[in-house]
**Student:** 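First the structure, then my questions, so here it is.
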Amino acid sequence: MPRRTIPDRAVEFLREWSVPRQMAGQDHRREAAESAMARHGRPRTEKADSVGTSICPYCAVGCAQLIYAKDRQPIAVEGDPSSPINQGTLCPKGAATMGLMTSPMRLDRVLHRAPHATEWREVSLDWAMDRIAHLTKQTRDESFVGDAPDGTRLNHTMAIGSLGGATLDNEENYLIKKLFTAGLGMVFVENQARV
Amino acid sequence: MPSLGTTFGRGAATMPQWDLARSDVVLVMGSNMAENHPIAFRFAMQAKLRGATLIHVDPRFTRTSAMCDIYAPIRAGTDIAFLGGIIHYLLENDLWFREWAVPYTNIATIIEDGFAGPEGDGTFSGWKEEETRYGTETWQYKGLTVPSPLAEAWMETGGDFAERVSHLRDGPPPRDETLQHPNCVYQIMRRHFARYTPEMVERITGCPRDLFLRICEAMARNSGRERTGAICYAVGWNHHSTGAQIIRAGAILMGLLGNVGRPGAGMLALRGHTSIQGSTDIATLYDLMPGYLPQPHALRPHGTLEEYLKVETAPTGWWSEFPKYAVSLLRAFYGGEASAANGWGYDWMPRIVGDHSMLPMTLAMDNGVMSGLFVMGQNPAVGGSNSKLVQRGLAKLEWMVVRDIAETDTATFWRDGHLIRDGEMRPEEIGTEVFLMPGSLSGEKAGSFTNTHRLVQWHDKVVDAPGDSTSELWFVDELGRRLRKLYAGSTRPEDQPIINLRWDYPRDEEDEPDAEAVLREINGHRCADGQLLSTFQDLKEDGSTACGTWIYTGVFPEAGKNLARARKADGPEGPGTHLGWGFAWPANRRTLNNRASADPDGRPWSERKKLIQWSEEKGEWSGPDVPDFPKDKRPDYQPNWEERPKGVAAHSGSEPFIMLADGRAGLFAPSGLKDGPLPEHYESVETPATNPLHPSMSSSPAAKRWDQQDNRLAPPGDPRYPHMLTTFRLTEHHSGGTPTRIVTTTAELQPEMFCEIPVELAGTLGIRMGDWVVLATERGEIETKAMVTSRLRPFRLPDGSECHQLALPWHFGWAGFATGDVANVLTSVVGDANTGMHENKSLACALRPGRLNRVQRPRREAR
Ligand code: SF4
């Protein structure tokens with residue numbers, strides 16, 4: 001865009017200035033309140049091709065959000081005005097949800113640090129899953145106790161632990177408990193409820 | 001949450017957040033609500049606009065204090081003394097809501113003759129010094145044994161437990177409605193709290209007497225038929241070695257004032273993580289199975305399913321339904337492989353042998369018992385107590401899988417952690433194999449969260465998570481599939497649980513497991529035809545139903561009807577219970593114990609405070625909420641004791657607390673708590689103060705202590721650690737910090753760690769705003785910047801000497817944009833007797849100006 005000259009700016013300023021228009025009888029809440037920015041501004045959610053209901057990922061107040069997306073990428077995260085909890089509002093954390101989803105620090109590859117290594121290396125998801133499944137089985141098989149020496153049923157392993165759950169979905173918690181406790185016999189299964 | 005459980009029957013917030021707007025007094029304590037639960041605080045502000053009195057009691061002056069009508073400063077860790085003082089005031093001035101509390105609580109119930117309070121030596125009757133634990137025989141209702149209303153009903157009593165508790169079916173517990181009997185709860189409470197005079201409150205808490213009395217008056221004035229009040233609390237209460245008892249003190253106060261089950265009344269636990277309630281209900285906790293069923297325990301009579309059901313089923317109250325929930329859960333876990341012949345697979349379940357919570361887990365890593373660890377959306381290097389001990393533990397693991405949305409402090413402990421910086425270890429010396437896998441956020445996956453007031457709310461998948469990110473649902477499902485393949489065909493008995501697990505979750509076209517299928521399993525169905533169930537009353541003990549979490553039954557009542565996704569709020573014309581928005585467990589009830597909103601005859605206590613009432617024409621309880629009471633049970637119903645009634649049939653029509661054995665709120669808790677049936681003030685485990693109530697038993701005798709080489713505790717009054725230290729949270733950061741320290745906006749708003757230091761102390765030590773300071777405890781040292789402030793004020797200790805309090809935000813670590821030393825390097829592994837909750841809200845520390853001599857500066861800072 002070419003640089004605007006001072007006279008140009010003066011004309012624009014006079015045109016945009018609300019006071020003369022109000023004196024000319026325009027309503028200060030309607031026509032006189034309008035500026036070029038307001039005229040050309042578009043809602044930031046306008047380009048969305050889909051919108052879904054969501055819940056704030058931070059604290060347990062449970063504010064409802066609307067996630068606006070285009071081509072399956074988020075373009076805006078807003079407080080849901082119909083929620084009886086937040087009625088459209090979000091606190092500084094909730095309002096940072098869009099920044100969280102699109103943070104430059106988001107991880108997008110699986111990283112692996114070999115014992116004693118000083119750096120990460122990138123690995124494939126499939127390789128990592130395979131190795132984790134093998135390690136889990138190996139550790140479990142080495143440490144599993146069926147019965148205590150006095151015959152008391154234990155049926156557990158103390159060698160594998162799990163931490164986390166309070167930031168996860170109910171369905172995820174359920175599968176963690178089911179696989180780790182009911183399936184593998186892990187007893188050290190905990191989350192942030194005590195933290 | 002054993003405190004609310006033992007008092008009101010369920011360990012969860014009793015009221016919805018929006019109901020605060022209808023309160024006449026709101027006491028915020030153990031919480032900085034305006035900053036940490038800002039959107040919920042709007043409802044307190046709405047109440048204020050309608051004339052309610054807002055009160056904030058806290059060691060720090062915060063923005064919550066600024067918005068309240070009354071702010072009272074107290075020394076960290078003295079909450080029980082403060083609340084006990086209010087209870088004393090109400091009892092001695094007869095300002096409690098007698099018409100409500102006599103019929104609805106156990107205040108008239110008579111306790112065993114042998115009961116003695118802690119007035120003498122600082123312990124309640126039943127203390128076993130050698131075993132450092134209490135026996136609860138003398139805390140029982142006279143002549144009875146009352147099972148705990150918490151997950152585990154069974155207690156060590158000697159003899160046949162099931163036989164002992166069955167006497168609850170013989171007749172009502174002994175009561176004296178005149179409250180004259182010397183061992184009725186009322187008289188015991190009067191004796192117990194007699195020591196909590198305004199003078200003693202001032203001496204212990206440091207809160208000026210007049211201010212304290214103004215709060216007592218405000219609480220009393222705003223309770224009764226026409227008015228109600230609420231308490232909002234957060235981890236400022238939980239995170240003490242007496243945390244459960246602090247909450248108990250609040251719950252007793254609400255019980256005396258009739259502030260539960262009524263509009264604008266209740267205990268609102270403000271929890272920190274989005275689904276922390278959900279992860280307690282559907283417990284990823286060592287001692288609980290989903291729906292608050294106890295994990296089988298090797299040292300309890302849990303050998304077979306039959307024995308387990310026998311001792312864990314309460315004879316009276318709702319928990320008499322326990323077998324239906326337990327068998328249905330086993331059916332959900334093991335599907336068709338569970339049969340009557342194999343005890344529905346009960347034998348496959350692991351047995352716990354003691355405390356396996358986070359603190360012992362830390363020690364298990366350190367001691368080499370544990371060699372593999374999954375960390376999913378948690379950051380123990382920052383959030384775990386005694387962080388250096390945690391990091392040492394991580395360094396001893398063989399392998400660790402961290403799943404999160406960014407590189408967390410926990411995932412990089414081997415490269416940037418405190419051990420490395422302090423020169424204790426080099427990365428090359430750490431043998432832990434670490435996987436860091438990208439996870440996904442709400443919006444990038446579908447599923448449900450349960451908020452702080454038990455509201456289950458669904459979130460859609462709207463967008464794709466970056467790159468190789470996967471949900472935990474996918475990860476756990478995939479791991480399960482691969483493990484089942486590895487174990488397939490094994491005939492070893494220990495492999496049968498994993499082989500027999502029902503594990504057949506459908507995947508969609510993007511290879512994502514169907515979250516709704518999991519929610520349907522949680523909801524429960526009839527095994528024969530897969531018909532979904534709409535109420536837990538349809539669950540069966542005979543194995544014909546399967547249900548993953550009985551309290552969630554009804555969230556998915558029929559195919560295609562996911563009520564967690566219901567989005568129909570009430571309009572301005574009311575009624576404001578919003579039954580069409582989400583699903584609140586149990587049975588979509590919004591206010592728990594709401595039978596208590598009506599008087600014993602079933603009429604509202606007042607027009608202004610009506611919620612549920614008995615309708616004679618319809619022959620049922622009705623109102624704008626779902627009644628938390630058998631719908632057609634008449635208010636004048638009386639159990640026929642000749643027939644030895646079972647379950648809620650043993651409760652009269654005017655006993656509102658259906659989860660409790662006797663249907664009445666437990667002001668006095670005969671069972672369920674490990675450190676006393678009534679709250680007593682104890683100093684924190686580390687403290688510069690001595691407890692004037694019983695100087696020789698200054699801190700809680702029952703608190704869990706793990707005194708070992710790298711978890712040393714300073715003795716009380718240690719002159720090397722003269723200051724009190726408390727920790728807190730910032731609006732702009734979230735818990736362990738990962739999801740806000742990596743966000744540019746929040747990191748810019750609160751870019752680095754700091755320590756709040758009172759002006760007076762800073763003056764003495766020559767510390768100016770922004771200077772570097774070093775904080776030290778027995779566990780370690782950290783350096784940070786000074787924030788000199790008058791938000792913290794000096795206190796007089798009970799002996800008259802002056803004491804300063806320091807305060808640290810604990811979100812920081814080395815990962816992300818906003819960084820700083822880990823506050824939890826200073827804290828210790830010491831826990832509440834009941835919950836194992838750590839004590840990070842009051843400890844003793846030292847402070848000096850300057851910096852640490854470090855081998856390696858954190859990367860970001862070095863640049
Ligand atoms: S917007 Fe703020 S108050 Fe609401 S849930 Fe999110 S973090 Fe909590």
Side-chain angles (χ1 to χ4, degrees), chain A residues 52 54-55 57-58 60-63 67 69 72 74 84 86 91-92 96 99-100 103 105 107-108 110-111 113 115-116 118 125 133 135 137 139 144 146 152 154-156 159-176 179 182-183 185 187-188 190-191 193-195, chain B residues 38-40 271 273 276 278-280 282 284 298 333 350-352 356 358 361 371-378 383 399 406 427 431 433-434 436-438 442-443 447-449 451-452 457 459-460 462-464 466-468 472-473 476 480 482 486 494 498 501 515 518 569 578 734 742-743 746:
Chain A
S54 193
I55 301 299
Y58 291 103
V61 171
C63 296
I67 297 183
R72 300 180 66 94
N86 55 311
C91 84
L100 174 63
S103 165
M105 287 199 171
L107 195 66
D108 60 356
V110 182
L111 301 180
R113 184 250 177 192
H116 310 291
T118 54
L125 181 59
L135 285 171
K137 180 170 188 300
T139 307
F144 200 88
T152 310
L154 295 176
N155 216 29
H156 71 206
I160 314 175
S162 171
L163 279 176
T167 61
L168 310 179
D169 295 345
N170 290 323
E171 295 74 18
E172 297 176 327
N173 275 281
Y174 180 76
L175 287 200
I176 292 173
L179 179 67
V187 292
F188 281 111
E190 278 285 289
N191 66 42
R194 280 183 249 263
V195 175
Chain B
I39 303 298
R271 313 198 68 186
H273 300 79
I276 195 156
S279 66
T280 313
I282 304 175
T284 38
F333 278 174
R351 276 41 168 183
I352 55 175
H356 307 295
M358 167 87 189
M361 197 189 283
S371 44
L373 179 66
F374 293 92
V375 183
M376 298 188 254
Q378 188 167 347
W399 55 270
E433 178 173 355
V434 186
L436 175 57
M437 305 181 72
S442 52
S448 66
F449 291 143
N451 87 348
T452 205
Q457 301 183 102
H459 56 81
D460 293 337
V462 193
V463 297
D464 292 327
D468 283 343
E472 303 317 299
L473 203 65
V476 182
R482 290 185 189 227
L486 293 177
E494 64 256 45
I498 175 85
L501 216 52
V518 182
H578 306 293
H734 184 255
I742 65 160
V743 179
T746 42

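Sequence lines set the chain letters: A, B, ... in the order given, protein chains first and strands last, and positions in each chain run from 1.
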**Student:** Got a sec, which residues hit salt bridge (Lys or Arg N to Asp or Glu O under 4.0 Å) with B/Arg351, two or more places apart in sequence or on another chain?
**Tutor:**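 So B/Arg351 forms a salt bridge (Lys or Arg N to Asp or Glu O under 4.0 Å) with B/Asp347.
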**Student:** Please state whether the rings of B/Phe333 and A/Tyr174 are parallel, tilted or perpendicular, taking 30° and 60° as the class boundaries.
**Tutor:**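 It falls in the tilted class, 30° to 60°.
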**Student:** Between B/Val476, B/Thr746, B/Ile498, B/Asp464, which residue shows the highest count of heavy-atom pairs closer than 4.5 Å to chain A?
**Tutor:**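 Most pairs with chain A among the choices: B/Asp464.
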**Student:** Looking only at non-hydrogen atoms, find the nearest pair between B/Gly431 and A/Pro115 and report the distance.
**Tutor:**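 Here B/Gly431 and A/Pro115 meet closest at O-CB, 3.2 Å.
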**Student:** Are A/Asp108 and B/Asp468 close enough that some pair of their side-chain heavy atoms sits under 4.5 Å apart?
**Tutor:**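 A/Asp108 does not reach B/Asp468 side chain to side chain.
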**Student:** If only atom types and distance count, is the side chain of B/Asn451 paired as donor or acceptor with the main-chain N or O of A/Val61 below 3.5 Å?
**Tutor:**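 At least one qualifying donor-acceptor pair exists.
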**Student:** Restricting to non-hydrogen atoms, name the atom on B/Ala298 and the atom on A/Thr152 that form the minimum distance, rounded to 0.1 Å.
**Tutor:**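 Nearest heavy atoms, B/Ala298 then A/Thr152: O-CG2, 3.4 Å.
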**Student:** Rounded to the nearest 0.5 Å, how far apart are CD1 of B/Ile39 and CG of A/Asn86?
**Tutor:**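 Interatomic distance, B/Ile39 CD1 to A/Asn86 CG, rounded to 0.5 Å: 6.5 Å.
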**Student:** Under 3.5 Å, is there a donor-acceptor pair between the side chain of A/Ser103 and the main chain of B/Ile742?
**Tutor:**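 Answer holds: yes.
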**Student:** With a 4.5 Å cut-off on heavy-atom pairs, point out which of B/Gly278, B/Pro38, B/Ala569, B/Ser442 contacts chain A the most.
**Tutor:**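 Result: the option with the highest number of such pairs is B/Ser442.
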**Student:** Given the options A/Ala96, A/Pro57, A/Ala69, A/Pro92, which has more heavy-atom pairs under 4.5 Å with chain B than any of the others?
**Tutor:**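 If we count pairs closer than 4.5 Å to chain B, A/Pro57 comes out on top.
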**Student:** On a heavy-atom basis, which atom in B/Ile352 and which in A/Val187 lie closest, and how many Å separate them?
**Tutor:**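 It is CG2-CG1, 3.9 Å.
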**Student:** Just verifying a value: how many Å separate A/His116 NE2 and B/Glu433 CD, rounded to the nearest 0.5 Å?
**Tutor:**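 These two atoms lie 10.5 Å from each other.
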**Student:** Looking at A/Gly183 and B/Leu501, what are the two nearest heavy atoms and their distance?
**Tutor:**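 Here A/Gly183 and B/Leu501 meet closest at CA-CD2, 3.8 Å.
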**Student:** If I measure from the heavy atoms of chain B, does A/Ser162 come under 4.5 Å with its side chain, its backbone, both, or neither?
**Tutor:**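 Contact with chain B: backbone and side chain both.
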**Student:** Tell me, out of A/Thr167, A/Leu179, A/Val110, who's got the most heavy-atom pairs with chain B below 4.5 Å.
**Tutor:**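 Result: the option with the highest number of such pairs is A/Leu179.
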**Student:** Which of the residues A/Leu163, A/Leu135, A/Ile176 is involved in the greatest number of heavy-atom pairs with chain B at under 4.5 angstrom?
**Tutor:**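 It is A/Leu163.
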**Student:** With chain A as the partner, which of B/Gly467, B/Ser371, B/Ala40, B/Gly372 has the greatest number of non-hydrogen pairs under 4.5 Å?
**Tutor:**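 The answer is B/Gly372.
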**Student:** Is B/His734 close to chain A through its backbone or its side chain, or both, or neither, when contacts mean heavy atoms under 4.5 Å?
**Tutor:**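 Both the backbone and the side chain of B/His734 come within 4.5 Å of chain A.
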**Student:** Distance from B/Trp399 atom CH2 to A/Arg113 atom CZ, nearest 0.5 Å?
**Tutor:**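 It is 16.0 Å, given to the nearest 0.5 Å.
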**Student:** As a quick check of understanding, evaluate side chain to side chain donor-acceptor pair (under 3.5 Å) for B/Thr284 and A/Asn191, giving each step before the final call.
**Tutor:** CA-CA 6 Å; B/Thr284 38; A/Asn191 66 42; 2.8 Å; yes
**Student:** Evaluate side chain to side chain donor-acceptor pair (under 3.5 Å) for B/Ser448 paired with A/Asp169, printing each intermediate quantity in order.
**Tutor:** CA-CA 5 Å; B/Ser448 66; A/Asp169 295 345; over 6 Å; no
**Student:** Would you say the side chain of B/Met361 lies within less than 4.5 Å of the side chain of A/Glu190, judging by non-hydrogen atoms?
**Tutor:**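 Yes, side chains in contact.
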**Student:** Pick from B/Leu373, B/Val463, B/Thr452: which one has the most heavy-atom pairs with chain A under 4.5 Å?
**Tutor:**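 The option with the most such pairs is B/Val463.
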**Student:** With a 4.5 angstrom heavy-atom cut-off, which part of A/Phe144 approaches chain B: side chain, backbone, both or neither?
**Tutor:**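 Contact with chain B involves the side chain of A/Phe144 alone.
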**Student:** Sub-3.5 Å donor-acceptor pair from the side chain of B/Gln457 to the main-chain atoms of A/Gly62, do we have one?
**Tutor:**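 Yes, B/Gln457 side chain to A/Gly62 backbone: donor-acceptor pair under 3.5 Å.
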**Student:** Do you know which of A/Gly185, A/Ala159, A/Gly52 has the most heavy-atom pairs under 4.5 Å to chain B?
**Tutor:**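 The option with the most such pairs is A/Ala159.
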**Student:** Do you know which of A/Gly164, A/Cys91, A/Gly161 has the most heavy-atom pairs under 4.5 Å to chain B?
**Tutor:**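 Most heavy-atom pairs within the cutoff with chain B belong to A/Gly161.
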**Student:** Please name the pair of heavy atoms, one in A/Ala193 and one in B/Arg271, separated by the smallest distance, quoted to 0.1 Å.
**Tutor:**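 Of all heavy-atom pairs spanning A/Ala193 and B/Arg271, the closest is CB-NH2, 4.0 Å.
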**Student:** Which heavy-atom pair separates A/Leu168 from B/Glu472 by the least distance, and what is that distance?
**Tutor:**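 So the minimum-distance heavy-atom pair works out to CD2-CG, 3.6 Å.
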**Student:** With respect to chain B, which residue among A/Cys63, A/Pro74, A/Gly146 yields the maximal number of heavy-atom pairs within a distance under 4.5 Å?
**Tutor:**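 With the most close heavy-atom pairs to chain B, the winner is A/Pro74.
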